[in-house]
Student: 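Got a structure for you, written out below as structure tokens; questions coming shortly.
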Amino acid sequence: MMNDVASVKPGGYFMYDSTKKLHAEYIRPDINYLGIPLMQMCNENYSDPRQRQLFKNIIYVGALSALLDIEFNVFEDLLAEQFKGKEKLIPSNIKALNLGIDYVKANFTYPLDIRVERRNLIGDSIMIDGNSACGLGAVYAGATVAAWYPITPSTSVVEAFSSYADEFRTDKITGKRNVAIVQAEDELAAIGMVIGANWNGARSFTATSGPGLSLMNEFLGLAYFAEVPAVLIDVQRTGPSTGMPTRTQQSDILEAAYASHGDTKHILLFPATPKECFDQTVDAFDLAEELQTPVIMLTDLDLGMNDHVSPPFQWDDNREYKRGKVLNAEMLEKMNRFGRYLDVDNDGIAYRTYPGTHPSKGSFFTRGTSRDEYAAYTEDGAAYKRNVDRLIKKWNTAKNMVPPPQLYQEKNQHKYGMFFFGTSQYAAEEAMDLLKEKKIGVDSIRIKAFPFNQTVEDFINSHEKVFVIEQNRDAQMKSLLMIEMGANPEKLISVLNYDGMPITADNIMNQISAHLSSAPKEAVAAI
Amino acid sequence: MMNDVASVKPGGYFMYDSTKKLHAEYIRPDINYLGIPLMQMCNENYSDPRQRQLFKNIIYVGALSALLDIEFNVFEDLLAEQFKGKEKLIPSNIKALNLGIDYVKANFTYPLDIRVERRNLIGDSIMIDGNSACGLGAVYAGATVAAWYPITPSTSVVEAFSSYADEFRTDKITGKRNVAIVQAEDELAAIGMVIGANWNGARSFTATSGPGLSLMNEFLGLAYFAEVPAVLIDVQRTGPSTGMPTRTQQSDILEAAYASHGDTKHILLFPATPKECFDQTVDAFDLAEELQTPVIMLTDLDLGMNDHVSPPFQWDDNREYKRGKVLNAEMLEKMNRFGRYLDVDNDGIAYRTYPGTHPSKGSFFTRGTSRDEYAAYTEDGAAYKRNVDRLIKKWNTAKNMVPPPQLYQEKNQHKYGMFFFGTSQYAAEEAMDLLKEKKIGVDSIRIKAFPFNQTVEDFINSHEKVFVIEQNRDAQMKSLLMIEMGANPEKLISVLNYDGMPITADNIMNQISAHLSSAPKEAVAAI
Amino acid sequence: MTYIRPKFRHPELPKNKLGYSVDYYEGALSTLCAGCGHDSISAAIVKACFEMNIEPHRLAKLSGIGCSSKTPTYFLSNSHGFNSVHGRMPSVATGANLANRDLIYFGVSGDGDTASIGMGQFVHAIRRNLNMVYIVMNNGCYGLTKGQDSATADQGSKNKSGNVNLFESIDLASMAIELGATFVAQSFSGDKTQLLPLLKAAMKHPGFAFINVISPCVTFNNNVGSTKSYDYVREHIDATATVDFVPEMAEITTEYEEGTSKKVKMHDGSYIALSKLAQGWDPLNKLSAMNAIYHARMNSEFLTGLLYVNPDSQDLHHIIQTTDKPLNELTKAEICPGSAALKDINLGLR
Amino acid sequence: MTYIRPKFRHPELPKNKLGYSVDYYEGALSTLCAGCGHDSISAAIVKACFEMNIEPHRLAKLSGIGCSSKTPTYFLSNSHGFNSVHGRMPSVATGANLANRDLIYFGVSGDGDTASIGMGQFVHAIRRNLNMVYIVMNNGCYGLTKGQDSATADQGSKNKSGNVNLFESIDLASMAIELGATFVAQSFSGDKTQLLPLLKAAMKHPGFAFINVISPCVTFNNNVGSTKSYDYVREHIDATATVDFVPEMAEITTEYEEGTSKKVKMHDGSYIALSKLAQGWDPLNKLSAMNAIYHARMNSEFLTGLLYVNPDSQDLHHIIQTTDKPLNELTKAEICPGSAALKDINLGLR
Ligand SMILES: Cc1ncc(C[n+]2csc(CCOP(=O)(O)OP(=O)(O)O)c2C)c(N)n1
Ligand SMILES: Cc1ncc(C[n+]2csc(CCOP(=O)(O)OP(=O)(O)O)c2C)c(N)n1
Ligand code: SF4
Ligand code: SF4
Ligand SMILES: [Mg+2]
Ligand SMILES: [Mg+2]
């Protein structure tokens with residue numbers, strides 16, 4: 001509780017259960033206290049211990065609503081939604097709400113000077129959670145096969161995909177669907193199905209969270225090495241292990257980037273808003289097929305499960321799906337000898353064929369073992385090396401295909417840079433304003449993908465220090481910057497938050513200004 | 001074949017199948033050619049196509065033996081060993097050998113000036129493969145539970161453990177064993193069993209290779225976060241995916257170091273010789289129990305499966321097993337309140353208890369979810385943070401517990417350093433001599449463990465450039481140096497080999513001298 | 001959050017032979033939904049351990065992930081617990097058991113945890129005849145992740161979102177028998193009278209004792225369409241056999257009439273008495289058990305009781321001939337061959 | 001290394017209806033040990049595809065890892081192949097099948113690949129009634145990793161190192177039947193007469209067609225102690241039923257006398273004729289199949305033939321109601337809702 005008290009801004013309010021008297025140590029002179037005897041009210045009104053526990057929260061919400069002047073019918077709507085099919089539970093909840101409201105009315109001057117008001121300031125913006133946006137994106141991307149295994153907080157991705165498919169992919173008369181959705185027996189099977197479907201020419205994806213990603217390691221290595229497209233949406237939660245499944249974090253970055261043993265690396269996408277979830281899901285399928293490799297989208301619990309205000313979705317009807325280098329029967333017919341792993345175009349990307357295309361040309365063996373350019377098994381070191389070197393060439397090709405970063409200034413002009421990605425955007429943008437107020441000038445970049453391109457490299461190079469904002473303990477994104485671009489670690493100052501809550505602007509601002517005031521000025525200048 | 005011809009040293013010999021005439025492009029004036037019509041001989045002597053293929057190799061070996069003057073009974077012994085139980089196959093093999101020998105005798109001046117001779121120059125050294133050494137080490141370490149799933153090239157680790165256990169852990173009268181060895185249904189189960197056994201106070205380990213390591217990711221994260229000891233021997237082979245199962249590589253480093261989602265990292269050991277396999281296996285159990293975390297030993301196919309000359313094994317009978325901070329009934333009895341995750345000693349390592357210790361004290365719940373100091377489930381961000389910060393403290397404690405690196409000089413004195421680990425030692429030590437001949441002075445360090453300690457940091461800091469020798473494509477060890485020590489990437493020059501064959505001294509020497517002659521001298525000096 | 005149950009209880013609660021009252025066997029206050037079948041099973045476990053005079057610290061409770069897998073927190077707070085990862089409890093239990101054969105291993109799993117992600121480990125724990133109790137709290141759905149169908153959901157039943165399950169369900173009991181399990185029972189969370197003796201018998205069984213307990217999820221699987229709902233099961237339950245566990249130390253005659261009951265001698269000398277409510281029932285005969293399950297299934301009935309037991313069961317330690325002393329108690333002297341032996345080994349490798 | 005088979009063969013080889021001779025169905029020269037049972041099965045597959053006039057490119061061959069899983073290289077070189085990872089072929093096959101329901105999916109696995117690491121995926125492919133042929137080349141050992149016992153190794157049999165297998169073996173066929181598989185057959189690699197019609201019937205079966213083929217490993221499992229060795233099987237084989245597959249297009253009466261044979265109508269209109277060599281045999285009855293397997297097992301006999309078939313089998317696509325057109329052929333117009341629909345969605349989210 002000490003932390004709670006400490007976190008109140010001067011002049012703010014601290015609401016607490018006044019059943020027991022507040023210890024003196026919790027009293028701050030600069031804040032207002034609102035005591036409500038929650039426990040006592042529960043004990044008076046309910047006999048069952050479980051009910052006492054449950055309704056405490058509801059009474060609290062009721063009290064809050066009176067204090068902040070929230071419209072009562074908002075709660076009624078919410079309750080009706082929550083208890084659909086169990087309507088008999090609604091009245092008891094309404095009663096609890098009213099207990100809270102009545103207490104406030106009887107004991108405080110209400111509402112407070114801070115209010116919650118219905119406004120209309122967001123123009124044509126929409127409110128939606130990132131998972132639904134991913135699901136919808138997959139529909140627009142033309143995904144036809146989804147395989148998944150339930151896990152918080154990713155479950156609603158495929159559930160959204162499925163309900164949009166009910167609407168847009170189901171023949172109203174026959175009930176037949178232009179889509180196949182399978183709840184797999186586990187995540188190993190889910191990613192296996194995705195690989196099988198993509199191998200066979202269908203756009204296919206899965207969604208999971210950390211533990212599922214860990215289980216997919218072996219298969220992801222196969223897809224990388226055998227060069228089979230796959231789309232995977234990882235909605236990150238607080239790790240390690242089962243961690244805090246209902247809290248957010250950005251801590252699957254290293255695991256995703258280098259999933260699987262051996263020299264393996266994967267394309268990553270980092271959406272920040274529901275609109276980007278939608279757009280990048282579509283991009284992910286294009287990239288996976290063009291690059292013939294897995295693409296992992298890293299969203300997080302905060303973005304995935306919570307509603308966010310977002311620009312409306314857009315779709316260009318002229319946009320064609322980029323299916324990559326796939327030979328059809330006609331092309332094969334004209335060819336002399338098909339080499340599945342020949343680097344014909346000198347970009348590291350070879351041509352593939354779908355099973356069933358041509359009676360006598362284009363068949364090949366897909367495998368996780370080493371092979372020559374014609375897909376024949378080999379243990380020849382030179383052939384092996386040609387193959388994995390080509391994969392690096394493909395990786396370099398990818399750098400200019402993935403979504404470029406967003407720069408917040410036309411020209412980098414300050415000594416310091418701020419680097420962030422994903423949902424840190426919300427806090428980082430706010431922090432820019434706070435820093436400006438403090439007269440700390442920073443340039444900013446938000447990356448949307450891995451591998452990094454030249455713009456990212458230029459950004460790092462043109463600043464003395466770059467604050468790398470991430471929501472994990474181990475500075476995983478900073479690791480990628482060093483590994484992949486050889487960025488000098490001394491330049492990269494980590495701004496971290498990893499307690500399971502989304503990072504805040506204050507936090508960013510404080511960490512940055514603390515660093516700047518503590519760093520010996522001379523040392524900085526000398527770099 | 002072009003590569004084969006190119007790889008012959010001037011003055012060397014090139015032996016080939018002369019059934020067809022050698023193309024002109026393969027002819028080098030500076031080497032000797034030995035043509036033997038292998039195919040033709042096979043066709044003349046065998047009718048079955050499979051036999052023709054199989055015996056070609058044996059004829060070749062026969063020819064070689066005559067040319068190099070290898071004692072014939074060495075082959076007889078080998079054949080007898082190979083075909084134990086199938087003795088009827090021996091004569092046909094002997095016949096094939098003789099075909100080769102006779103051809104040489106009839107057509108060449110033999111033996112050549114290069115010979116294979118029985119010598120006795122290795123003193124009390126022994127010849128053994130690394131896997132057997134690991135298996136024996138596990139016996140001496142007091143491992144009592146082994147769970148594994150067969151995979152090349154790690155299979156013989158547990159097989160060796162098992163046969164040593166037949167000898168040393170089996171009651172000669174009852175046949176009962178002081179050990180439990182289970183062939184699991186897969187690698188997920190194998191590591192699960194290891195975790196269960198260690199949780200319950202038995203020293204337990206598994207051995208696997210890349211694909212198995214990938215499958216173990218989820219469980220390794222659990223062991224890290226729930227703080228359960230585990231020992232895992234990963235005998236690396238050429239990846240990614242199934243890769244080249246019969247070729248060597250050092251490419252599971254990143255996967256092992258950060259196995260599992262979330263902020264997870266693991267202790268790694270890098271043995272270079274069979275003796276180190278033995279010693280480090282024992283160390284691994286001590287470290288795992290003292291640090292209550294997984295310890296992954298990274299050997300490789302070359303070390304694991306091939307016989308190597310090694311110093312003899314040694315055991316100090318006074319060496320006690322370091323079982324770490326485990327409370328027994330007596331200690332618990334004296335305690336007030338037991339807190340499984342309390343950092344009592346301020347080293348990040350908390351006290352644990354085994355199930356069954358005390359009737360009313362010391363029980364706790366082991367879990368992959370977040371918890372407080374008393375092992376109770378919590379979603380409190382502050383408690384979560386305290387816990388994962390303690391894990392970092394433990395990590396720092398580990399730095400001074402793992403085997404320190406080996407320095408090849410008393411004082412670092414040169415501008416350049418050479419950094420290597422594992423089986424690169426053989427080639428690297430040879431390369432030191434070659435470089436000395438070329439008057440290129442380098443200091444050298446061989447690391448044996450991750451995380452790195454101060455000596456490693458000092459080594460990097462005291463050199464202008466450090467050549468990091470590794471047997472993988474992506475410079476994975478260099479990545480660890482940057483991530484964990486903030487080493488400046490510009491300083492770290494990769495010397496890589498990843499074609500599946502062990503790296504050679506020539507290769508190292510060439511890469512280093514090429515770099516030094518190409519690097520602009522001024523730039524180097526300016527650093 | 002885990003609620004701490006108020007510690008002070010009625011001081012005159014009856015005590016068992018060890019001098020513990022039943023509350024000594026309880027756990028933290030459950031955070032499951034009110035009415036969840038899983039809580040009833042936890043209560044039965046508490047009672048069974050109390051009545052069997054089990055030292056809580058000599059029992060280890062293990063689970064995977066799911067609402068069901070949370071329950072070990074809600075019973076036996078004096079036992080060590082291990083809440084592992086989803087579907088992988090059997091392997092952790094195997095390792096634990098190998099390390100110390102002297103504890104009782106009590107595994108709790110869910111139908112998702114066992115029949116989907118955990119299928120492979122379940123099958124192989126059976127094959128090894130691991131000495132443990134393995135309970136599946138079977139609600140035909142994924143409670144924790146909000147109600148998706150599991151592989152044991154009956155074909156044709158509806159889940160919360162109103163979707164009909166299209167796949168044939170996996171019958172864990174008949175599968176276990178087919179795979180050679182040595183103790184297979186079924187029950188219903190609401191039927192404590194039956195559950196209690198089954199739990200006791202399972203804990204005494206020297207091998208893999210599997211109990212598949214239908215345990216309705218009140219939140220996601222209590223709609224009319226679901227055959228795992230409370231009302232449905234209550235109506236369609238078909239108790240073919242009641243079990244009466246009789247520890248040898250205090251043998252009592254069964255309550256059932258001669259001719260309707262069958263005694264099975266357990267490995268440790270105790271008896272299980274089965275009353276044959278179904279025709280042609282032989283708990284020692286695999287095929288008759290399978291037949292009975294099939295026929296019940298065809299009539300949409302759920303067969304409960306001890307379906308099959310192999311009284312000659314030999315557990316994993318017997319099979320691989322582990323020494324009698326728990327491996328985690330062996331001393332260095334017992335397991336380290338020492339320097340002299342190593343010298344010989346070195347000699348052999350010259 | 002893969003040997004390329006010399007391409008030119010006898011020009012007068014008989015041709016099938018498509019104009020292909022049998023060599024068109026062959027693959028690369030096998031690198032398996034001479035005499036390996038797996039090669040015989042490959043040969044039978046080549047013959048079956050030739051005789052059934054299959055367009056090789058309309059068939060996809062999938063496998064896991066193992067000697068058995070290498071065999072797809074050794075047949076049908078004009079088919080696409082996918083050698084996936086160990087034990088996970090079923091999921092890859094599921095995805096492939098979902099993407100294009102019009103190809104034939106031919107899966108090859110080993111007993112290690114299926115009964116150990118692949119158990120979960122095997123069970124769930126059965127449960128989904130995936131339309132594929134699933135062959136286990138069953139040698140009771142891990143051939144590729146040099147002869148460790150697999151989970152189908154018979155209890156009491158010896159492996160190469162002379163160790164006796166201590167665990168009960170998993171009977172994949174009876175397990176598959178128990179789990180609701182719609183086509184379950186067993187055979188022996190050395191018995192091409194029986195294997196051929198079984199393969200044909202399996203390829204015609206609209207659902208999961210499982211064939212468990214005993215296939216001796218000459219290198220690691222041909223010692224006297226092993227019940228999977230060639231000699232042992234030859235002596236103990238008990239062919240309860242021979243199958244004669246009769247495609248409807250050219251119906252011929254079976255060679256077997258009335259009364260000893262039973263015709264089963266397949267979903268696509270073709271028939272399987274079973275001659276009842278075993279007493280009381282009913283291939284449509286699960287329980288009788290299970291009984292027969294049990295009894296044979298008790299007599300250490302291996303029951304071969306088509307053990308069980310469900311003529312009403314409906315595959316995964318039927319269950320989840322996928323559209324008839326292969327999903328991988330759907331065009332943007334058929335699957336992308338377009339910008340107008342998106343505007344409506346946006347409106348709904350204000
Ligand atoms: C690897 C992994 N995948 C998915 C999950 C998410 N998850 C948690 S519990 C559960 C299913 C629970 O179902 P069941 O075992 O039947 O337990 P119940 O909640 O119904 O009692 C799932 C899918 C997880 N924790 N780990
Ligand atoms: C994840 C993983 N674990 C282990 C292996 C090693 N491995 C390859 S094949 C095989 C078993 C093969 O046995 P089976 O499936 O019976 O095939 P067989 O060789 O007997 O035909 C094993 C364990 C692997 N390739 N991948
Ligand atoms: S969701 Fe269902 S299974 Fe989970 S606690 Fe609630 S009632 Fe029980
Ligand atoms: S090892 Fe056995 S299974 Fe493998 S190819 Fe040889 S005979 Fe066949
Ligand atoms: Mg359930
Ligand atoms: Mg096999």
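Since we're looking at a predicted model, the values are computed, not measured. Chain letters run A, B, ... following the sequence lines, proteins first and then strands; every chain starts at 1.
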Student: By a 4.5 Å heavy-atom criterion (distance strictly below it), what part of I319(C) contacts chain D: side chain, backbone, both, or neither?
Tutor: both

Student: Give, for atom CG of L166(D) and atom CD of Q314(C), the distance between the pair rounded to the nearest 0.5 Å.
Tutor: 11.0 Å

Student: Is there any residue in residues 87-100 of chain D with a non-hydrogen atom under 4.5 Å from a non-hydrogen atom of chain C, and which ones are they?
Tutor: none

Student: Please tell me if the side chains of N291(D) and M290(C) come closer than 4.5 Å, counting only heavy atoms from C-beta onward.
Tutor: no

Student: Dump the intermediate steps for side chain to side chain contact (heavy atoms under 4.5 Å, CB included) on E178(C) and I293(D), then the final yes or no.
Tutor: CA-CA 11 Å; E178(C) 156 59 31; I293(D) 298 175; over 6 Å; no

Student: Can you pull out the residues in residues 108-130 of chain C with any heavy atom less than 4.5 Å from chain D?
Tutor: A115(C), S116(C), M119(C), G120(C), V123(C), H124(C), R127(C), R128(C)

Student: Check side-chain hydrogen bond (donor to acceptor under 3.5 Å, both in side chains) between S69(D) and all other residues, then give those that pass, not counting sequence neighbours.
Tutor: none

Student: Mind checking which of residues 167-177 of chain D sit less than 4.5 Å from chain C, heavy atom to heavy atom?
Tutor: F167(D), E168(D), S169(D), I170(D), D171(D), S174(D), M175(D)

